[in-house]
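Structure first, commentary second.
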Protein chains: 2
Amino acid sequence: MQNLSKNQQIIFDLIDKSPEPLKAYAILFNVQKKGIKAPLQVYRALDKLVKIGKIHKIESRNAFIACNNSSCQVSNATAFSICEVCEKVTEISNTNLSKYLSNFKDKEGMKFNKYNLEFFGLCKKCKNK
Amino acid sequence: MQNLSKNQQIIFDLIDKSPEPLKAYAILFNVQKKGIKAPLQVYRALDKLVKIGKIHKIESRNAFIACNNSSCQVSNATAFSICEVCEKVTEISNTNLSKYLSNFKDKEGMKFNKYNLEFFGLCKKCKNK
DNA sequence: TTACATAGTGTTATATTATAACAATTTTAA
DNA sequence: TTAAAATTGTTATAATATAACACTATGTAA
């Protein structure tokens with residue numbers, strides 16, 4: 001586990017304490033007071049944080065959340081549930097699911113080293129409204 | 001199965017005959033000779049085509065491909081393999097996989113009405129290089 | 001057949017998301 | 001201690017997507 005650089009740490013801390021996924025320009029706005037002024041500074045930190053698995057990108061939302069799995073070193077097997085009403089996103093940690101997907105072979109017998117799965121529906125709260 | 005409008009048909013035809021996913025502005029460029037001049041015209045058709053399941057959006061690539069499943073009416077359960085070298089995208093039709101994911105419950109017992117799964121790796125061709 | 005709702009079109013402008021290119025500095029590891 | 005790798009800072013710009021408004025076409029129920 002390597003240490004984070006200054007910008008990476010600032011941006012990771014912000015994402016980590018956020019209850020919801022953050023978008024790049026929302027992050028930029030939030031960290032401007034800490035001296036990070038340009039989009040590229042944000043995107044570079046995000047790229048690195050994704051690469052080392054500290055955060056994940058929610059592709060369908062162009063937003064970023066901290067990995068909830070402390071042992072997650074690499075961002076190669078991710079699954080999320082997304083509420084289509086309130087946009088709450090939760091990372092799914094399910095051994096059965098991850099085993100199933102990591103071992104999945106397509107019809108040519110090909111296995112994949114990486115996947116991203118996004119489930120959509122209503123969260124508990126929104127379902128009961 | 002409803003009929004497509006003029007713009008929807010033009011754009012669907014283009015995507016359907018493309019061997020690779022197409023991006024919105026690549027589509028725009030291609031259909032300008034057919035009178036579709038503005039991004040919004042493209043995005044509106046894409047939205048509708050996605051909604052009725054004729055095409056799918058590859059979220060990690062911001063690109064669109066035709067559904068390879070003639071019986072697919074709604075875009076609520078999608079899986080793709082994506083080659084990280086040549087960017088070849090293939091839709092996965094696997095009954096076992098779709099059953100597994102459609103029946104998946106999170107740890108609160110919640111089921112989801114929709115999912116999108118993207119596998120990443122090397123396609124056969126790129127693997128053998 | 002009218003009228004009314006729904007869906008689609010055309011257009012301009014603008015918002016949002018992301019990267020290119022270049023120069024400098026800091027960190028890491030041989 | 002030095003050379004490579006990573007990070008930073010900066011300006012400019014590319015790529016992706018939507019807002020707002022006016023108008024037209026289509027389906028459908030009275």
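Just so we're clear, the structure is a prediction, and the values are computed from it rather than from any experiment.
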- [ ] State which of dG9(D), dG10(C), dA18(C) makes the closest approach to the side chain of Q41(A).
- [x] dG9(D)
TODO: Could you tell me whether the side chains of E118(A) and N116(A) share a donor-acceptor contact shorter than 3.5 Å?
DONE: yes
TODO: Could you work out which one of dT18(D), dT8(D), dA18(C) sits closest to the side chain of K6(A)?
DONE: dT8(D)
Task: Closest to the N7(B) side chain, choosing from dA17(D), dG9(D), dT9(C) - done: dT9(C)
- [ ] For the pair C86(A) and C123(A), evaluate side chain to side chain contact (heavy atoms under 4.5 Å, CB included) and give the outcome as yes or no after the intermediate values.
- [x] CA-CA 8 Å; C86(A) 73; C123(A) 74; 3.7 Å; yes
Task: Whole angstrom value for the distance that separates P of dT16(C) from CG of L28(A) - done: 13 Å
Open item on the list: On the nucleotide dT7(D), are OP1 or OP2 found under 4.0 Å from the side-chain N or O atoms that Q8(A) carries?
Closed with: yes
Task: Closest to the A38(B) side chain, choosing from dT7(D), dT11(C), dT8(D) - done: dT11(C)
Open item on the list: Whole angstroms only, please: what is the OH-P distance between Y43(A) and dA15(D)?
Closed with: 15 Å
Open item on the list: I'd like to know whether Y100(B) forms a side-chain hydrogen bond (donor to acceptor under 3.5 Å, both in side chains) with N96(A), so could you lay out the CA-CA distance, the side-chain angles of the two residues, the decisive distance to 0.1 Å, and finally the verdict.
Closed with: CA-CA 11 Å; Y100(B) 183 90; N96(A) 193 350; 3.2 Å; yes
Open item on the list: Can you measure I10(B) atom CD1 to dG8(C) atom P for me and round it to whole angstrom units?
Closed with: 14 Å
TODO: Could you work out which one of dT9(C), dT16(D), dT18(D) sits closest to the side chain of R44(B)?
DONE: dT9(C)
- [ ] Show your working on salt bridge (Lys or Arg N to Asp or Glu O under 4.0 Å) between K88(B) and E20(B) and close with a plain yes or no.
- [x] CA-CA 7 Å; K88(B) 179 181 161 69; E20(B) 61 197 4; over 6 Å; no
TODO: Whole angstrom is fine here: how far is it from CG in N3(A) over to C1' in dA6(D)?
DONE: 14 Å
Open item on the list: Nearest whole Å is fine: how far is dT8(D) P from K48(A) NZ?
Closed with: 9 Å
Task: Nucleotide dA15(D), atom P - distance to CD of E59(B) in whole Å - done: 20 Å
Task: Interatomic distance where CG belongs to L46(B) and P belongs to dT9(C) [whole Å] - done: 12 Å
Open item on the list: Please pick, from dT19(C), dG8(C), dC22(C), the nucleotide with the shortest atom-to-atom distance to any side-chain atom of S5(B).
Closed with: dG8(C)
Task: Parallel, tilted or perpendicular: ring planes of F104(B) versus F119(A), cut at 30 and 60 degrees - done: parallel
TODO: Taking only the side-chain nitrogens and oxygens of K23(B), find out if one of them lies under 4.0 Å from OP1 or OP2 of dT16(D).
DONE: yes
Task: d(NZ, K37(B); P, dT12(C)) in whole Å - done: 8 Å
TODO: Report the residue (R61(B) or L40(B)) whose heavy-atom-nearest nucleotide on DNA chain D is the more 5′ of the two.
DONE: R61(B)
Task: Aromatic ring of Y25(A) stacked on base six-ring of dT16(C), 5.5 Å, 30° - done: no
TODO: Considering just the side-chain nitrogens and oxygens of N62(A), establish if one lies under 4.0 Å of OP1 or OP2 belonging to dT16(C).
DONE: no
